[in-house]
Amino acid sequence: EDAKQAAIDMLQKSANGPGYTSIVVDEAQDLDVASFKLLRALVGEQHDNDLFIVGDPHQRIYDKPVVLSRCGIEIRGRSRKLRINYRTTEETRAWATAVLHGLDFDDLDGGTDSTSDYRSLLHGDHPLVKGFDDPAEEQRFLADTLRQLQKEQGTLAATCVTARTNSGVEKLNTALQREGFTTRVINKDESDDPSDPALRLATMHRVKGLEFDQMFIPGLDQTQMPLRYELDQRPDQISRELFEQQERSLLHVAATRAKKRVVVSYSGKPSPLLAQASRPD
């Protein structure tokens, strides 16, 4: 934040004026106050077509809510809400939205936003949630289901297996390669290659902004979401509640990457977020 404020001060003192006439902002829900103030400084005083901002507060997985009007950005009377989902099936959308049940979301400008007025035009299978007593049994289920999918479709290029942590992805990658699958891990600082026929693996944070026909979310036990060791490090109730909300949004993001089908599995005790997802929409 200090570096962003220093950049703002330099821009305001510059004799050359703002460097841009228009800026397009995506994933706006994950930007902080300093970032929006810097964007305002880059584009100058308010004028026609100065800032085009796209964001979804239900997918906020990094930062706290921001009130744009306090950053010099006026959107009241100028904003629009998109209510139709053209990628995810209604069955997946309803399941992923149920994960967020009971949470309050902002409209990026200090107001509130509802989760009840979104709809999808497509229909398909309901998300499959499977629990197992033994992790080895869960692993066999994952491998068998992926083999069946590969047999039906001829390739797993449009399928992604995701985990909450990098170590979880590494563990899954090793296990799936041992089962004979050709895999591709999509890392933080690289883009996906659509021409690669391999099965994709990535963390839940990395799949944000991507889309696949099938999303597999294995290992979703009570230690993974909310991530236990991260939750235990939160110093007070407010920070723990904020982290839990971000975890629920993260599961929402992971599930809604699927265009056709979501498969969730766990061994032992399930994540409490799965009980949340079983609520009616």
Side-chain angles (χ1 to χ4, degrees), residues 87-89 91-92 95-96 99 124-188 190-208 210-228 247 250-275 277-278:
R87 177 186 65 224
T88 302
T89 66
E91 291 75 14
T92 294
W95 188 90
V99 174
D125 296 333
H126 287 277
L128 175 63
V129 181
K130 295 277 289 184
F132 300 89
D133 295 327
D134 182 2
E137 188 181 1
E138 181 188 0
Q139 179 62 39
R140 285 194 296 273
F141 163 77
L142 176 62
D144 290 345
T145 307
L146 288 170
R147 286 194 186 96
Q148 181 63 32
L149 194 61
Q150 188 172 37
K151 182 179 179 181
E152 293 172 357
Q153 300 186 353
T155 177
L156 292 174
T159 300
C160 181
V161 181
T162 187
R164 173 63 181 82
T165 62
N166 284 306
S167 60
V169 170
E170 292 171 6
K171 184 178 179 180
L172 281 167
N173 191 40
T174 299
L176 290 170
Q177 286 184 346
R178 191 181 300 124
E179 292 282 352
F181 293 100
T182 301
T183 62
R184 175 187 178 89
V185 176
I186 310 173
N187 294 310
K188 179 179 178 181
E190 66 179 15
S191 59
D192 190 17
D193 179 6
S195 66
D196 190 335
L199 171 66
R200 292 341 191 241
L201 290 94
T203 65
M204 291 184 179
H205 285 88
R206 180 60 189 89
V207 297
K208 189 169 187 231
L210 302 179
E211 60 180 37
F212 304 91
D213 286 349
Q214 292 84 210
M215 284 295 301
F216 283 76
I217 311 177
L220 209 64
D221 62 39
Q222 63 178 350
T223 67
Q224 292 302 301
M225 295 198 84
L227 191 59
R228 179 67 58 80
E247 290 286 274
L250 184 59
L251 180 55
H252 174 84
V253 166
T256 54
R257 301 308 92 199
K259 293 189 287 184
K260 295 181 179 179
R261 191 186 187 202
V262 177
V263 178
V264 180
S265 62
Y266 63 90
S267 55
K269 293 184 178 181
S271 162
L273 302 192
L274 294 182
S278 67

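Just so it is clear, the structure is predicted and the values come from calculations on it, not from any experiment.
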**Check against side chain to side chain contact (heavy atoms under 4.5 Å, CB included), R178 and T174** = CA-CA 6 Å; R178 191 181 300 124; T174 299; 3.3 Å; yes
**Request:** Take T183 and N173, measure what side-chain hydrogen bond (donor to acceptor under 3.5 Å, both in side chains) needs, and give me the verdict at the end.
**Result:** CA-CA 7 Å; T183 62; N173 191 40; 2.5 Å; yes
**Message:** Quick one, D192 with F212, criterion side chain to side chain contact (heavy atoms under 4.5 Å, CB included). Give me CA distance, side-chain angles, the key distance, then yes/no.
**Reply:** CA-CA 11 Å; D192 190 17; F212 304 91; 4.2 Å; yes
**Prompt:** Step by step, would you call L128 with V264 a side chain to side chain contact (heavy atoms under 4.5 Å, CB included)?
**Reply:** CA-CA 6 Å; L128 175 63; V264 180; over 6 Å; no
**Request:** Test L142 against V263 for side chain to side chain contact (heavy atoms under 4.5 Å, CB included), laying out the working first.
**Result:** CA-CA 9 Å; L142 176 62; V263 178; over 6 Å; no
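Remark: T223 pairs with D221 by the side chain to side chain donor-acceptor pair (under 3.5 Å) rule, at least two apart or across chains. With sequence neighbours left out, the side-chain contact (heavy atoms from CB on, under 4.5 Å) criterion links T89 to E91, T92, L122. Listed by chain and residue number, V185, E190 satisfy the side-chain contact (heavy atoms from CB on, under 4.5 Å) test with N187 (two or more places apart in sequence, or in another chain).
Considering CZ of R184 and SG of C160, their distance stands at 11.5 Å, rounded to 0.5 Å. Distance check: Q224 CD to L273 CG gives 11.5 Å after rounding to the nearest 0.5 Å. A distance of 12.5 Å separates OG1 in T88 from CH2 in W95, rounded to the nearest 0.5 Å. For the atom pair CG (L251) and OG (S271), the distance works out to 7.0 Å, reported to the nearest 0.5 Å. With values rounded to the nearest 0.5 angstrom, Q139 atom CD is found 7.0 Å from L172 atom CG. Atom CD of E137 sits about 11.0 Å away from atom OG of S265, to the nearest 0.5 Å.
Residue F216 comes nearest to L149 through the heavy atom pair CE1-CD2, 4.0 Å, listed as atom of the first residue, atom of the second, then distance. Nearest heavy-atom pair, D196 versus A198, reported as atom, atom and distance to 0.1 Å: OD1-N, 3.0 Å. Of all heavy-atom pairs spanning A202 and V207, the tightest one is CB-CG1, 3.7 Å. Closest approach of T159 to L199, counting heavy atoms only: O-CD1, 3.6 Å.
Within the 3.5 Å criterion, the main-chain N or O of M204 finds a donor-acceptor partner in the side chain of T162. Side-chain atoms of R87 come within 3.5 Å of backbone atoms of T256 as a donor-acceptor pair (strictly under, hydrogens ignored).
Counting heavy-atom neighbours within 6.0 Å of D133 CG, excluding the residue itself, gives a total of 12 or less.
A 4.5 Å side-chain heavy-atom check between P218 and S267 finds every atom pair outside the cut-off. At least one side-chain heavy atom of V129 sits less than 4.5 Å from a side-chain heavy atom of L274.
Within the structure, salt bridge (charged side-chain N to carboxylate O under 4.0 Å, His left out) pairs that include any residue of residues 158-172 comprise R164-E247 (at least two apart or interchain). Residue pairs satisfying the salt bridge (charged side-chain N to carboxylate O under 4.0 Å, His left out) criterion with at least one member in residues 254-274, sequence neighbours excluded, are listed as follows: E211-K259, D213-K259, D213-K260. Pairs engaging residues 140-158 under the salt bridge (charged side-chain N to carboxylate O under 4.0 Å, His left out) rule: D144-R147, R147-E179 [sequence neighbours left out].
For F132 and Y266, the ring centers sit 6.0 Å or farther from each other.
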